[in-house]
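Notes to accompany the following structure.
Only a predicted model underlies this, so the values are computations on that prediction, with no experimental measurement involved. Index from 1, following the sequence. Both backbone and side-chain heavy atoms feed into the values below; hydrogens, waters and symmetry mates do not.
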Amino acid sequence: MTGKEILHKMKAKAGFGSSATSDTGKGKSKMFGKHITHGFHLVKGPSYHAMEDYIVAKYQQVDDENELGLFAIFDGHLGHDVPDYLSSHLFENILSEPDFWTQTEHAIKKAYRLTDNKILEKAVDLGKGGSTAVTAILINGQKLIVANVGDSRAVICKNGVAKQLSVDHEPSKERHEIENRGGFVTNLPGDVPRVDGQLAVARAFGDKSLKEHLSSEPDVVVEMIDEDSEFFILASDGLWVVMSNQEAVDSIRDIKDPKSAAKHLTEEALLRKSKDDISCVVVRKLSI
């Protein structure tokens with residue numbers, strides 16, 4: 001067995017999905033296990049490159065009274081080394097910030113920036129590629145903090161209604177900022193807008209050759225988990241290019257097992273001819 005295969009097995013046990021052709025799993029909160037459960041599913045799209053999506057889905061007990069649910073989607077481009085690095089280090093960097101509990105938004109933004117700097121420093125080892133990210137931290141099953149760069153997305157279902165919690169960082173929406181950094185946005189017929197004619201997102205980790213014109217600043221949103229909250233979805237753009245937020249919510253609302261729900265979403269995206277890798281995490285709150 002190779003070192004990468006051993007690492008994949010270790011990560012799967014810890015609640016990580018990696019660059020295998022497909023991966024699936026589920027788990028539950030240690031402190032709130034009867035009420036908070038999650039499932040994930042990843043599948044490689046019909047592309048010619050290796051799987052570049054990574055996920056994190058695990059719980060971390062801080063002390064006798066506090067538990068964090070840690071969930072993320074990392075969608076790589078031009079290789080899987082950067083999203084692999086993020087899956088291993090980003091949450092560690094966020095939680096090591098001394099002001100995480102008192103100034104959470106500031107701590108997350110600082111950790112995103114420092115992590116991106118470290119990726120750029122390691123560009124010789126990690127390669128020239130990059131990754132989008134959407135992260136969700138669930139504090140004691142009550143407070144959800146979502147951050148993202150790029151176009152992977154977080155959506156919560158509240159009383160049957162889909163609410164997007166992340167921001168799609170599209171080049172056309174951030175043209176002014178990109179041009180102020182000396183870059184440009186192309187919009188060729190039959191193609192999506194791209195930074196410097198290359199990257200289809202305006203914010204990302206890595207991408208050293210484009211970093212002068214890219215941002216890694218995340219948008220951060222806090223959402224309280226109340227009695228109307230049913231579940232939330234994290235997914236790469238392989239899902240969202242073929243499904244609206246409400247379609248995704250409607251398609252799994254009656255599927256109580258979150259692993260089955262995540263698998264259903266990825267399979268539906270393939271049926272709708274998504275050509276990208278598709279990764280999905282579903283976290284469900286059961287009535288207390």
Side-chain angles (χ1 to χ4, degrees), residues 14-17 25-32 35-42 53-62 66-75 83 86-95 97 100-101 104-109 111-112 115 131-158 162-169 203 205 216-226 228-237 239-240 245 248-249 252 258-259 261-262 265 279-285:
F16 295 81
K26 63 181 179 180
K28 62 181 180 180
S29 162
K30 294 179 177 65
M31 295 181 67
F32 309 98
H35 309 297
I36 305 292
T37 60
H38 76 265
F40 63 87
H41 193 77
L42 301 84
D53 283 11
Y54 277 71
I55 68 100
V56 174
K58 63 177 183 176
Y59 301 93
Q60 182 168 317
Q61 193 164 339
V62 179
N66 294 292
E67 181 191 65
L68 301 176
L70 305 175
F71 308 98
I73 300 286
F74 302 111
D75 182 359
L86 287 167
S87 71
S88 299
H89 296 282
L90 183 55
F91 278 124
E92 177 183 338
N93 294 343
I94 292 173
L95 300 181
E97 286 295 322
F100 170 76
W101 292 97
T104 305
E105 180 176 345
H106 171 76
I108 290 175
K109 288 185 175 182
Y112 265 61
T115 304
S131 179
T132 66
V134 58
T135 59
I137 301 176
L138 182 60
I139 301 177
N140 295 329
Q142 299 174 336
K143 185 178 182 180
L144 181 64
I145 305 165
V146 170
N148 84 291
V149 294
D151 55 4
S152 291
R153 190 181 298 174
V155 173
I156 193 168
C157 174
K158 288 205 164 190
K163 177 182 179 181
Q164 185 168 325
L165 300 178
S166 56
V167 177
D168 294 342
H169 295 132
R203 304 189 195 187
F205 286 98
S216 60
E217 176 89 0
D219 278 284
V220 182
V221 172
V222 176
E223 182 78 18
M224 299 309 296
I225 303 300
D226 55 26
D228 291 333
S229 305
E230 300 176 44
F231 58 87
F232 64 88
I233 304 167
L234 303 184
S236 60
D237 67 315
L239 175 70
W240 305 114
N245 297 341
V249 162
I252 65 169
K259 177 181 172 181
L265 285 173
S279 52
C280 181
V281 179
V282 175
V283 182
R284 178 172 284 279
K285 179 185 74 73

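Side-chain contact between I137 and L70 is present, with heavy atoms from C-beta onward closer than 4.5 Å. Considering only heavy atoms from C-beta on, T135 comes within 4.5 Å of F91 through its side chain. For the pair I94/Y112, a side-chain contact is recorded, criterion being any heavy-atom separation below 4.5 Å from C-beta on. A heavy-atom distance below 4.5 Å is not found between the side chains of P258 and V283. In this structure, I252 and I233 have side chains that are in contact, with non-hydrogen atoms separated by less than 4.5 Å. For the pair V146/I156, no side-chain contact is recorded, criterion being any heavy-atom separation below 4.5 Å from C-beta on. A 4.5 Å side-chain heavy-atom check between F205 and T115 finds at least one atom pair inside the cut-off. Residues L165 and L144 form a side-chain contact, since some pair of their non-hydrogen atoms from C-beta on lies under 4.5 Å apart.
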ask   = Is there a side chain to side chain contact (heavy atoms under 4.5 Å, CB included) between F231 and V249 once you walk through the steps?
value = CA-CA 9 Å; F231 58 87; V249 162; 4.0 Å; yes
inquiry  = Is there a side chain to side chain contact (heavy atoms under 4.5 Å, CB included) between H169 and D219? Walk through the geometry before answering.
reply    = CA-CA 9 Å; H169 295 132; D219 278 284; 2.6 Å; yes
request  = Report the C-alpha distance between R153 and L239 in whole Å, list the side-chain angles of each, state the deciding distance to 0.1 Å, and finish with yes or no for side chain to side chain contact (heavy atoms under 4.5 Å, CB included).
outcome  = CA-CA 9 Å; R153 190 181 298 174; L239 175 70; over 6 Å; no
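The CG atom of L42 lies 6.5 Å from the CD1 atom of I73; values are rounded to the nearest 0.5 Å. Here C157 contributes atom SG and N245 contributes atom CG; the two are 11.0 Å apart, rounded to the nearest 0.5 Å. Here the NZ atom belonging to K30 is positioned 9.5 Å from the NZ atom belonging to K58, to the nearest 0.5 angstrom. Remark: Q60 CD to E92 CD distance equals 9.5 Å, nearest 0.5 Å. How far CG of L95 is from CD1 of I108: 9.0 Å, rounded to the nearest 0.5 Å.
Under the side-chain hydrogen bond (donor to acceptor under 3.5 Å, both in side chains) criterion, S216 pairs with D116, not counting sequence neighbours. Take Y59 and apply the ring pair (Phe, Tyr, Trp, His ring centres under 6.0 Å) test, not counting sequence neighbours, and it matches H38, F71. Shown here are the ring pair (Phe, Tyr, Trp, His ring centres under 6.0 Å) partners of H89, two or more places apart in sequence or in another chain: Y85. Scanning for ring pair (Phe, Tyr, Trp, His ring centres under 6.0 Å) contacts around F74 gives an empty result, with sequence neighbours left out. Not a single side-chain hydrogen bond (donor to acceptor under 3.5 Å, both in side chains) links S131 to another residue, sequence neighbours left out.
Side-chain N/O atoms of D53 and S279 include a donor and acceptor closer than 3.5 Å.
Residue S152 comes nearest to T132 through the heavy atom pair OG-OG1, 3.3 Å, listed as atom of the first residue, atom of the second, then distance. Considering all non-hydrogen atoms of both residues, A154 and S166 come closest at N-OG, 2.9 Å. Taking both residues in full, the closest heavy atoms of W240 and A235 are given as NE1-O, 3.0 Å, listed atom of the first, atom of the second, then distance. When all heavy atoms are compared, the tightest approach of M224 to S229 is O-OG, 3.8 Å. Between A72 and L234, the shortest heavy-atom contact is N-CD1, 3.8 Å. Residues A111 and E97 approach most closely at CB-CG, 4.3 Å, considering heavy atoms.
Applying the side-chain hydrogen bond (donor to acceptor under 3.5 Å, both in side chains) test to pairs two or more places apart or on separate chains, those with a residue in residues 136-150 are N66-N140.
Paired with S29 under the rule side-chain hydrogen bond (donor to acceptor under 3.5 Å, both in side chains), one option of K285, Q61, E67 passes, and it is E67.
Surrounding NZ of K158 are more than 12 heavy atoms belonging to other residues, nucleotides or ligands, all under 6.0 Å away.
Distance alone, capped at 3.5 Å, is enough to place a donor-acceptor pair between the R203 side chain and the E217 backbone.
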